Number of protein chains: 2
Amino acid sequence: MARKPADQSVNKEDILLAAADVLQRNGYESTTMKDIAAEVNLTAASLYHHFRNKDALLLAVLEAGIEHILSQIEPIAVSSYPPDHKLRLMIHAHVTGLTNNTAVGAAMVFEIKSLVSVKTAPDDGRDPEVAERRRAFIARRDQFERLFRAVIQEGIERGLFCPVDVPIFVKTLLGAHNWVGVWYRPDGRLNGDEIADRMADTFLRALQPA
Amino acid sequence: MARKPADQSVNKEDILLAAADVLQRNGYESTTMKDIAAEVNLTAASLYHHFRNKDALLLAVLEAGIEHILSQIEPIAVSSYPPDHKLRLMIHAHVTGLTNNTAVGAAMVFEIKSLVSVKTAPDDGRDPEVAERRRAFIARRDQFERLFRAVIQEGIERGLFCPVDVPIFVKTLLGAHNWVGVWYRPDGRLNGDEIADRMADTFLRALQPA
DNA sequence: CTGGTAATCTAATCATGATTAGATTATTTT
DNA sequence: AAAATAATCTAATCATGATTAGATTACCAG
């Protein structure tokens, strides 16, 4: 086989997208470096030029995912809209974020475990750098949850929402959202926006003061 | 090494419990037959006396899980309680079912994918029997969802619940539930019952007629 | 007891898949 | 266009883990 004139040399972005895609289909452990490489017309070995190893690659996918979502949610969270409107916007951003890129969405839901699992992540493990990034990722995820708690809390304090157990309410909300990434199909009855609307209706109704 | 007088020969039940446990910790692909075997003081090879192969074992875990949950939910679903009370009981049963056995719960959430994945399940695959059981499992899971839809539908028709998009509402509800299996910790602030109560409050409030 | 079946074990087999080594080719920079 | 660097490749290496083969031991029915 002659050397492929390399359509155009591949960059990390491309690889991340491809990886998210394969990851969604097969899950971390079932996904081989070869699978990912194939998606971008490379050989497994070539991937090592771009990423230290498989763990680092998965991590990069998740990092890109959470940063993207946070970049959508944070501006809303810090805005000065009233809590109810703010919450609706945040729900909308999160849900459509998941439906627009189901690959990354599903990866975020299913593969975080690989990040925490003792087996995949012997904390003291080899890569100290990867260990650090892992920590940072978890921190970002927690921050994400805190943004939602804050809006709910604010709404309750202002008497716009009925009092609820905030941590549990937020877990409920986020669980519902994450699940969307699991069942959503682009060819389904509703698109991301429509699903988001209905979910926002549900949760805002649940918060209606008595 | 002398032959271990075998405390007592192990049965499938034991293996399923152990497997669910390991599965929860590591996920299907990361879980080795050896890991599971170790939990019950057997060697990997011995497991093959009880289960055809690794896939069949995973499937058995999931089957046991869904049958258990269905056995809790179905009686409530067919009872003649009013829809609101019925829904509360069903939520309670589902959530505590998940918190009481987080191992199976997490497996049900995370590993169903392995069941559907092309890679793990080349539909035409080897075991025709396993293929059939796989189909049956999916059917059971769908039935489970239908039970929830029916209660909501009934409540709406009787004017006890405000009209909602039933399929989406149920996905929302089940997503929230499933997620509990992911974050719940036995040593957390609330126990399964308390969490279930709060979640039921939330969803029933969301269904309150205007 | 005695044969038969069940449950285990130890020791292969066999395949897969991450990672590394050592070129080779492409692209920039100067 | 020579040197340096980046991006790929092919061909090992190496480890892991599912599954099978061939005993061995435990227990039950007659």
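Everything quoted here is computed from the prediction, not taken from an experiment. Every chain is numbered from 1 and lettered A, B, ... according to where its sequence line falls, protein lines coming before strand lines.
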Distance test, side-chain N/O of H50(B) to OP1/OP2 of dT8(C), below 4.0 Å: yes
Tell me: CE of M33(B) to C1' of dT8(C), nearest whole Å? 14 Å
Take the protein atom OH of Y28(B) and the nucleotide atom P of dA18(D), then report the distance between them rounded to whole Å. 8 Å
Closest to the Y48(B) side chain: dA6(C), dA18(D), dT19(C)? dA18(D)
In whole angstrom, what separates L47(B)'s CG from dC9(C)'s P? 9 Å
Mind calculating the distance between CG (N53(A)) and P (dT19(C)) to the nearest angstrom? 5 Å
A45(B) side chain, from C-beta outward: closest of dA21(D), dC9(D), dA18(C): dA21(D)
Can you tell which of dT19(D), dA18(C), dC9(D) lies closest to the side chain of T32(A)? dA18(C)
Figure out the CG/C1' separation between L42(A) and dT10(D), and round it to whole Å. 14 Å
Please list, chain by chain and in numerical order, all residues satisfying side chain to side chain donor-acceptor pair (under 3.5 Å) with T102(A), sequence neighbours excluded. Q24(A)
What is the distance, to the nearest angstrom, from the CZ atom on R52(A) to the C1' atom on dT20(C)? 15 Å
Whole-Å distance, F51(B) CZ to dT8(C) C1', equals 16 Å
Is it true that R146(B) and D142(B) have a side-chain N and a carboxylate O under 4.0 angstrom from each other? no
So, do F148(A) and F169(A) have ring centers that fall under 6.0 Å from each other? no
Output yes when at least one side-chain N/O atom of K54(A) is less than 4.0 Å from OP1 or OP2 of dA18(C), else no. yes
Please list, chain by chain and in numerical order, all residues satisfying side chain to side chain contact (heavy atoms under 4.5 Å, CB included) with L190(A), sequence neighbours excluded. E194(A), I195(A), R198(A), D165(B), I168(B)
Find out whether V182(B) and W179(B) are in side-chain contact, i.e. whether some heavy atom of one side chain is under 4.5 Å from a heavy atom of the other. yes
Side-chain contact check for S46(B): nearest option of dC9(D), dA7(D), dT8(C) is dT8(C)
Nearest whole Å is fine: how far is dT27(C) P from H49(A) NE2? 13 Å
Report yes if a side-chain nitrogen or oxygen of T43(B) is closer than 4.0 Å to either non-bridging phosphate oxygen (OP1 or OP2) of dT8(C); otherwise report no. no
